[in-house]
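What follows is a set of notes on a single structure, which appears directly below.
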Amino acid sequence: MLLEILLLAIPIIANVGFFNTKLLKALSLASSSLELIISSLLYFEIPVKGIFFIDNITIYFLLIVSSIYLLSVVYSLKYIEAEETRGIVSEKLYYVLLNFFVASMIFSTIINDYGLMWVGVELTTVASALLITTEYSEISLEAAWRYIIIVSAGVTIALFSIILIYYEYHTLTVTSILSSQPKDSLIIKLAVALALIGFGTKVGVFPMYTWLPDAHSESPSPISALFSASLLPVAMYVLYRVYEIYPLTDLFVALPTLSIITASIILFKQWHIKRMFAYSTIENMNLALIGLATGQVFGAVILLLAHAFGKAAAFYSSGVIIKTFNEKKIGRNKRAI
Amino acid sequence: MVNAQLLELISASIIVSALYIQGQAYFKPTIYAQAIQSALISVLAFYLGFALNLIDYVILGVTIVVLRSFIITYFLFRGLKAKPGIRESTRGVASELVVNLAFFFLAVFILYYFVLGRIGLTTEAGTATLTIFSFILFFQGLFLIVTRRSTIAQIIGFIEEENSIVLFGILTIPIPFLIEVSIFLDVLGLVVITSLLTLQKLEHTRLEELMG
C-alpha cells in the first residue's frame, strides 16, 4: 500500500520546487527516477488488490509510464529552454504540468475503480492540454484546442459507459466486477461498445483519432513521446479492463482493423516528420488492441513495450532534427539523412 | 412520488434550448441559452431531490447552477472580450438547423426503437422514454462542435454534452458522490483551460500544417 501511495504522491510532491526552476528540474529528475524504482519494486508485490489493483498486466503499463517519464525528463532538461516557452506555458509550468500529467496516468492505471479510472483519464487531458502549447504558435494552439474538444467529447461517451456499468452492477470496483458472474445483458454490451468509442478516442481508434496527429506533431518532443508511448497505452489499459467485463471481440477487432487501414493510407501522404510517427502510433496501438481483444495479451504487451521505447526514441530524434535544421518537412531534411 | 409528465416537460424544454442554440449565430443569446439550459437541468435535479427526499440531487443542482449557469457564462462573456454584439463568421446556420432537425428525428427513431426500447433501462420515473432526452442532447452538443468554428460555440457544444451526462445519470441511477466529483472536475478543468485559450484564439480555421 505504501509503495502505491508513494508512486502517486512523488510526482506531485516534486512540484513543491515551483518557486525555483533549477530545484524543480532536479526534483522532477529525482521523482522520475524514484517512480521507475518503485514500479520495479511493485513487480515483486503483485497481485495487489484493495484501493489499488495491480496484476501481472498492470505492472508492464506502470513500467512503460515510469520509464518514459524518466527519459522525457532527462531529454527536457536540455530541450526545453526558457526562450522556447514564450506563450502560456513557462518553463516552470511545463515541469509542473508534466509531473501532474504522469501522476494522473499512474492514478488511472493502478486505481481499483472504473469511475476513478475515468476521472484519471480526464485528468490526463486537463494536465496535458496546455503542454501542447509549450512551443507557442497559432498551430499549436489549434492543435491543443482540437485535442481538448475531441478527446473530451470522446471521454464523455466513456462516462455513459461507466454509468451503465454502475447501473448493472451497483458498484464500480474493478476486482468485484471482474470476479462476479458475467452478465449477458444488452446494457453491459452497450456499455462495452460505448467504452470502445469513448476511451478509444484516447487510444486512437477510428473514427475519433483525428486529434492524435495534431497533438503529437505540435507538442514538444518529450511530450509527443509521453503521448505516444505512455498516454495511449494507459487509455488502452482502461479500455481493456472494461472489455474484460464482457468481451465484444468482433467489435474490438473490426474498429481497430479499420483504424489500421485508414491510418496506413493517410500515412503515405505525410510530409511532417512527427505526423508520420503519429499515424504509425495509431497503427501500433490498434494492433495491440486487436492482440488484447483476441486473447494474445502478452504479445500485445511486448508490442506496447517495444513501441514505447522505439517511438519515444523516434520522437526524441525528430525533435533534435527539427531543432537543428528548423524544418519539419521530411523532404527538406536531407542533410540530416 | 415522481411526476413523469413534469420530468418529460423539463427534459423537452432542455432539448428546445439546444435547438435554439443550434439555430443562433450571435454569441450573446447563445451563451444565455446555455445558462438557461443548465438551469433547467438543475431544476430537474432540485425536483428529484425534493420528490425523492435525497440531498444528493439538491447538491448536484446547486453545483450545476453555480458552475454552468454563472461561472461558465461569466468566462464565456469574458472570452468575447466585451464585444457581445458580434456573431460567428459563418454562413448557413439555418440550413445547418434543417440538417440538425433531420438528424434529430433520425437519432430519436433509431435510439427509441432499436436501442432503448430493447435494453430494459428503467429510470426513477419508471420509464425508459426519459433517457432518450439525454442521448438527444448529447447528439445536439456533438453536432454543434462539428458544425461550428468558434471557440465559444464549441465550448457550448461540450457543455451540452456534459449536461446530457447529468440528465442521463440523474434519471438512470441514484447519484453517487463519484459522478458529482467527475462533473465538477470536468467543468473545472474546462473552465481553466478554455478561459486561457479563448483569450488567445476565438475562431478556428483550417491550417495547412494540420491537414491530413
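We name chains A, B, ... by the order of the sequence lines, and we start the count at 1 in each one.
- Legend: residues meeting side-chain contact (heavy atoms from CB on, under 4.5 Å) with B:Y32, ordered by chain and number and at least two apart, are B:K28, B:F77.
- Not counting sequence neighbours, A:K92 has no partner by the salt bridge (charged side-chain N to carboxylate O under 4.0 Å, His left out) test.
- A:I150 does not touch chain B: none of its heavy atoms, backbone or side chain, sits under 4.5 Å away.
- Annotation: side chain of A:I157 is in contact with side chain of B:F138 (closest heavy-atom distance under 4.5 Å).
- When all heavy atoms of B:S164 and A:F160 are compared, the closest pair comes out as OG-CZ, 3.8 Å.
- Inter-residue side-chain proximity for A:L159 and B:F168 is flagged as unmet; no heavy-atom pair is nearer than 4.5 Å.
- Of the inter-residue distances, the one linking A:S152 atom OG with B:I159 atom CD1 reads 11.5 Å to the nearest 0.5 angstrom.
- Closest non-hydrogen pair, B:E162 versus A:T156, comes out as OE2-OG1, 3.4 Å.
- With contacts defined as side-chain heavy-atom distances shorter than 4.5 Å, the pair A:I163/B:I165 qualifies.
- A distance of 14.0 Å separates CD1 of B:I145 from CZ of A:R146, quoted to the nearest 0.5 Å.
- Other residues, nucleotides and ligands contribute only 12 or fewer heavy atoms inside 6.0 Å of the CD1 atom of A:I51.
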